[in-house]
Every structure is written in C-alpha cells, then in structure tokens.
Number of protein chains: 2
Amino acid sequence: MNDVARLAGVSIKTVSRVVNDEPGVHPSTAERVLAAIDQLGFRRNLSARNLRRGSSTGTIGLVLEDVGNPFYSGVTRAVEEIARLRGRQVISGSSDEDPGRERELALEFCSRRVDGLLIVPAGLQHSYLVPEMRAGTPVVFLDRPAGDVVADTVLVDNIGGTVEAVTHLAAHGHRRIAFLGDAPDIFTANERLRGYREGCVRAGIGYHEELVAMGPHDESSVATTLQRLHTMREPATAVVAGNNRITVYVLRALAGVAERPALVGFDDFELADLLSPPVTVIAHDASALGKAATDLLFARLDGDNSPPRRVVLPVRLVPRGSGEVHA
Amino acid sequence: MNDVARLAGVSIKTVSRVVNDEPGVHPSTAERVLAAIDQLGFRRNLSARNLRRGSSTGTIGLVLEDVGNPFYSGVTRAVEEIARLRGRQVISGSSDEDPGRERELALEFCSRRVDGLLIVPAGLQHSYLVPEMRAGTPVVFLDRPAGDVVADTVLVDNIGGTVEAVTHLAAHGHRRIAFLGDAPDIFTANERLRGYREGCVRAGIGYHEELVAMGPHDESSVATTLQRLHTMREPATAVVAGNNRITVYVLRALAGVAERPALVGFDDFELADLLSPPVTVIAHDASALGKAATDLLFARLDGDNSPPRRVVLPVRLVPRGSGEVHA
DNA sequence: GGCCACTATGACAACGTTGTCCCCCAGCGG
DNA sequence: CCGCTGGGGGACAACGTTGTCATAGTGGCC
C-alpha cells in the first residue's frame, strides 16, 4: 500500500480510501491510484484490515468427522452455501473421531478468530470451549450434542428413526431383527441403539442382546457378525444397519448370498434405489442439517441471545424393497 | 494480552515470551502468566502474530467445483490430510463450475494471504492470478489445466482412459458405442471426447457424430438421449459415460430396462461393484490427485523453483461386468 | 478583502503481536 | 570497591490497515 501510494504520488490514506470506495477522492486521483494498484498487483491484506477494524474475520470454522464421507460432505456443502450468502469463508477440518484432534482444530480456529464455530463432536468434553463461548464466539454442535456444555445443537431424530425401522420390519413379519451399530460411545450410535431397543419392545418381539453388535466395525467384522447372526439357533431374519458405512459393509457381505436378511439402513445414500433389492433406509437430509446449524449460527451472529436451542430434524423411512422381504 | 500482563504484573512482552515458549523467563513468572492466561481465557490472535512476523498465515486455499461431489470430497480429504501434516489449515470453496465464482474465491483467498492455492479451474482464464503468482503465491491446478498461464498442474489420463474404455467395449464385439460427456467447454469432458474418438478410430469402428451427446446433462436429458440411441436405425449397443454423475444418470435411466446397452463409466464410485450388473469403470484415485497436487504445492513452498510441472496420473479400467456384455 | 463552507488530502494513532535493543541487578573476580 | 557478566525483564517500533482529526486550497457571499 505504501508502494502504491508512492507510485501514485498520494498518501497511503488516500489509497485506503480508494480501495474502500470511500467518497471524497477526486476522480483523477482515484484513477492514478487504481493504475498504480494494477501495476503493482496490490491486494489489500485482509488480516491487517480485520485487525485494525476489530471487526469480524469473515470466516467460520467447521469441524467434522470426515469430509470424505458423503454425509459430511453434504453438510459441508450446505454450510458453504449459506456462508457464501452471508459473505463468509469456511475453514474446515476432519477430526477422524479423535477428540484431541477435534479440540486442536476448534482451538486453532478460535486463534484465527473465526466468527463462529460449527462442530460435529468427536468427544464428550467441550468445556475447553467455555472461554471462547463466553468471549462471544457462537458455537453450534451438529449431528451430536456437546458433552458438558449447554449450547445450540442440531440433531436428527435418531431414536425415532430406528424405532420406525424396527416397527417397519416387524410389520413385515420379522421377529428376529438384528442391530449393527457404530461404537457405543458415539452419541448417534447409542441413540440409535436405544431406538432399536424401544422399537423391539413396542413391537412385542423383545430385546435380545445376542442380536446386537456395536462397533467400531469394518468390512470383515460386519461379515463375521452377519455369519454369526445367520447361523445362530434362531437366526436373525432382518438387520438394521446403524449408519451409511455399516450399510455398505452389510451390502458387501451379502453380495452373492442366497438367503439375504431384510435390511434397513440408517442414512440414505446415492444408488440405494438401484441396488437389487433396492435398499430401504431411514433418510435424513445432510444439507438440511448443515443449513439448520448454519442458520442458527448466523442468528447468533445477528445478535440472537435467547437460551440455547436444541433442534431435532425429522427422519423418514423410505421403503424400497430390502426391508419389505418377508421372513 | 495487555490484560494478562496487567493481571500477572508483568509487561506485555513477557506474556509474549511465555506464550511462545521463549527462554529467559523465570519459572515463577511464567507460572503467574499462565495462571492469568487461564483465568482470562486468553488466546493469542494469530492474525496479529502473522501480520507482525510477516510469516506464513498457515493456510492454504482450495477452490473446487463442488465439495458435495464424492470425487471432490475425496480430493478435499487428501488435501486436508497433507496440510495437517505440514501444519496448515485448509480454506475451501465450491465454484459450481462458475468462472466468476472461482475467481472471486481465489482472490478472496489471496487477500487472506494463503500460503498457496489449489484450484480446480472452472474457467479458462487465469491471468488474474499472475500478480499473485509473481508475488510468490504458489498455485497448483488440479483435475484440469489453467487456461492461459503456465503453472503446476496435476491431471488424470483422460484420453488414455476413454481410449481404453472404447477398446474394451470393441473387444467385446461392440461396434456402435455412444459417448455421453459433460459440457464440451470443460477440459476433462473435451479430453475424454478426444479419447473416445481416438479409441473408435483405433478400434476400426469409425467415429459417428450421432453417437455423441455432450452436456450439460441432467437425469432427463440422459434418459432422452439413451432413448434416442436405442431407437436409431443402427442402435448403440454400448455407452461410455463421461463422469460419475452421468454414469449415475445412465444407471437411473436404464433401471428396469430389459435390453441394456453395455456401459463403462469414467470415475469409479462406491457400490459400483454391487449393482447388477456391476459397473465397469475407468478408475482413478481422488485422494492420489489431491495428494499429488498438495505435495507439489508444498514442494514450491519449500523453495522448489524448477519450471512448472505437469503431472498426469494413470487411470485403470476396472472390468466388472457392465462393459463385458456381448453385443 | 474577509469569512465561510466545502472538497480533497494527509498526519498520526491504534489494532494485537513480536523483534530489537536496552536496562537493572545479583554475583563474582580482581 | 570496581567492572564485568549474564539472566530476567521492559520500552519501543513495526507489521498493513483504517478511523479521527487537521490542513490546504477554492470558490462564493457579504
């Protein structure tokens, strides 16, 4: 900026006026300045600007589990979209389900003075965020609630979803319905397990420990589990898969198997309708989740300081065939 | 920082020493300072730090087409991974194939003084980046080359891929092979068309204009096109789909159709092997692409100033069934 | 001519850090 | 007692901006 000023033969302040479209600069002066800017390839330093103005940095931080997972990349897309409309950039990072990494990312973002933080919690401890929140950085948790702070949270109806899945399968005559869930310390996994259990009880088919296999899962553990479920004394005739990854593992394990159990998967996924049989799922909308959370964040930035809200988005069962197989 | 200094009864510089682990601070002083930091919830302002030190901002900018697309979210994941190893954060944005938006994002990132820029070009004009590049910001283009600047570029072997697809189909007896590609002004679409044409010529089946339908495509345009290809005088017996989205549109259009043409899709995708028939694809690795580009970027940041490189990553045909259907 | 209002511009401080340089003081050798 | 050394700490400037206020010039009006 100094160089521009020298080249244009004006003071640095006048350059500032020009780049900020402030009134009161003579057109011919402005032109000289613009020419100098162009010649030198000057671009104003946003960090310095924000520092001086004490204003927003125009960024929001997004901590999620893994951008590579289509579910979270859908969330990311929605967040980006809304942020763009509000003139913000998104800084993001994947925690890989590691609480330490989540914390590291979140605090790093705070050091960068993001205007707000969107977090898919990996851990259960979020008191480390209390100073930041008290200092005025709004934080919204999504997909899972924070462990030990009260804060805005956007969830999906995990319990309702699995209740519905079990109910649906039971209505089609299944009485031995298995549940393959993620690691039980993950909030959503645990909730879905609760929903499964409640669904079983409501359907009058009882809750049987041996039909549940919580993760972490990989392709081979799922295959082994399905094998066990199939060969037990009273085999499972239906399976509820606890998330999109597990659903895929189940599908892989069942490929080529003649007697397939019925299947309902939590999370919708592309091509679910083109498989044979098409996969019945508990669908919810990643972009709705991202949008709801980001909207909430911006409401806070706009000065909304009502008590923390907890939003629960609905899920819906999409029957496609795999869950309608008769026992 | 001022407040911390006052509370700890030291000068602001001593606080700085403590937060930077600089030597020469008495342990008891350091302890007082740390207590004050904790009490006040102080977190140092990275913008100010970077401004003062004139050093890197510790961020890299990533402009891609759409994080929501699994291919690009795979790229994003890889970029994040490497950036993390090198202590950088990733700021990203989706251009939605809009050159103006791409430019806006890239320049915004430059204003934020990112250490480097990774761009999936949406347009063909990138001279707007010349000042930045001359000012020392390394830029790497990925998936597609820049329009009018020489710069590091990482591509996949688009031509080789479609040549192979056509060769494969011809080897299975197909002589009427159609190509459904994206909008021809997109570099990859155009290259793949060239590969298709070359493949046809090499296979001795000739290039026929009426078998080509370039986009932009959506589900219904693909359906219409397939209809046309099926009912023409000499119907197409095989289809090459130009990218993952088009492949999915083709699959949807063919769902339930009795006489399906053979199909080879460009880009691999999850569950391709579980469809019936399983989908033969030209596979390449999103994370390899992201990794190669990011490695190149960091090499530049490490001072490598050899002439711009162009890296072309290999693709490989993965036969799964849909391309091996006999005519 | 003197004064006013107004326009165009500049000088300077400040944002929150850190690098440089300087000071104070205790301990020690001569 | 003096001077030197070294550890611990502070004052101040500077990074690149922008907000505040001041100033110089210009034209109009009494």
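Every chain is numbered from 1, with letters handed out A, B, ... down the list of sequences.
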Verify salt bridge (Lys or Arg N to Asp or Glu O under 4.0 Å) between A:R101 and A:D96, making sure each step is shown before the conclusion.
CA-CA 8 Å; A:R101 176 93 188 106; A:D96 269 323; over 6 Å; no
Treating primed atoms plus P, OP1 and OP2 as sugar-phosphate and everything else as base, which nucleotides of nucleotides 14-23 of chain D get B, S or - for protein heavy atoms under 4.0 Å?
BBBBBBB---
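- Taking the screw axis at each terminus of the helix from C:dG1-D:dC30 to C:dG30-D:dC1 from five consecutive base pairs, the angle between the two is 70° to within rounding of 10 degrees.
- In this model, the phosphate group of D:dG10 is approached by a side-chain N or O of B:T14 to a distance below 4.0 Å at OP1 or OP2.
- Judged by distance alone, the side chain of B:S94 and the main-chain N or O of B:L64 form no donor-acceptor pair under 3.5 Å.
- Each of A:D295, A:D152, A:D115 was scored for a salt bridge (Lys or Arg N to Asp or Glu O under 4.0 Å) with A:R300, with one residue passing: A:D152.
- Of the listed residues (A:N69, A:D182, A:T188), just one forms a side chain to side chain donor-acceptor pair (under 3.5 Å) with A:N243, and that residue is A:D182.
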Does A:E65 form a salt bridge (Lys or Arg N to Asp or Glu O under 4.0 Å) with A:R144? I'd like the steps, not just the answer.
CA-CA 11 Å; A:E65 192 225 314; A:R144 312 169 186 173; 3.7 Å; yes
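- A donor-acceptor distance shorter than 3.5 angstrom exists from the side chain of A:T76 to the backbone of A:Y72, with no hydrogens or angles considered.
- Contacts of A:R112 classified as salt bridge (Lys or Arg N to Asp or Glu O under 4.0 Å), with partners at least two apart in sequence or in another chain: A:E108.
- Under the 3.5 Å distance criterion, the side-chain polar atoms of A:N50 are matched with a main-chain donor or acceptor of A:L46.
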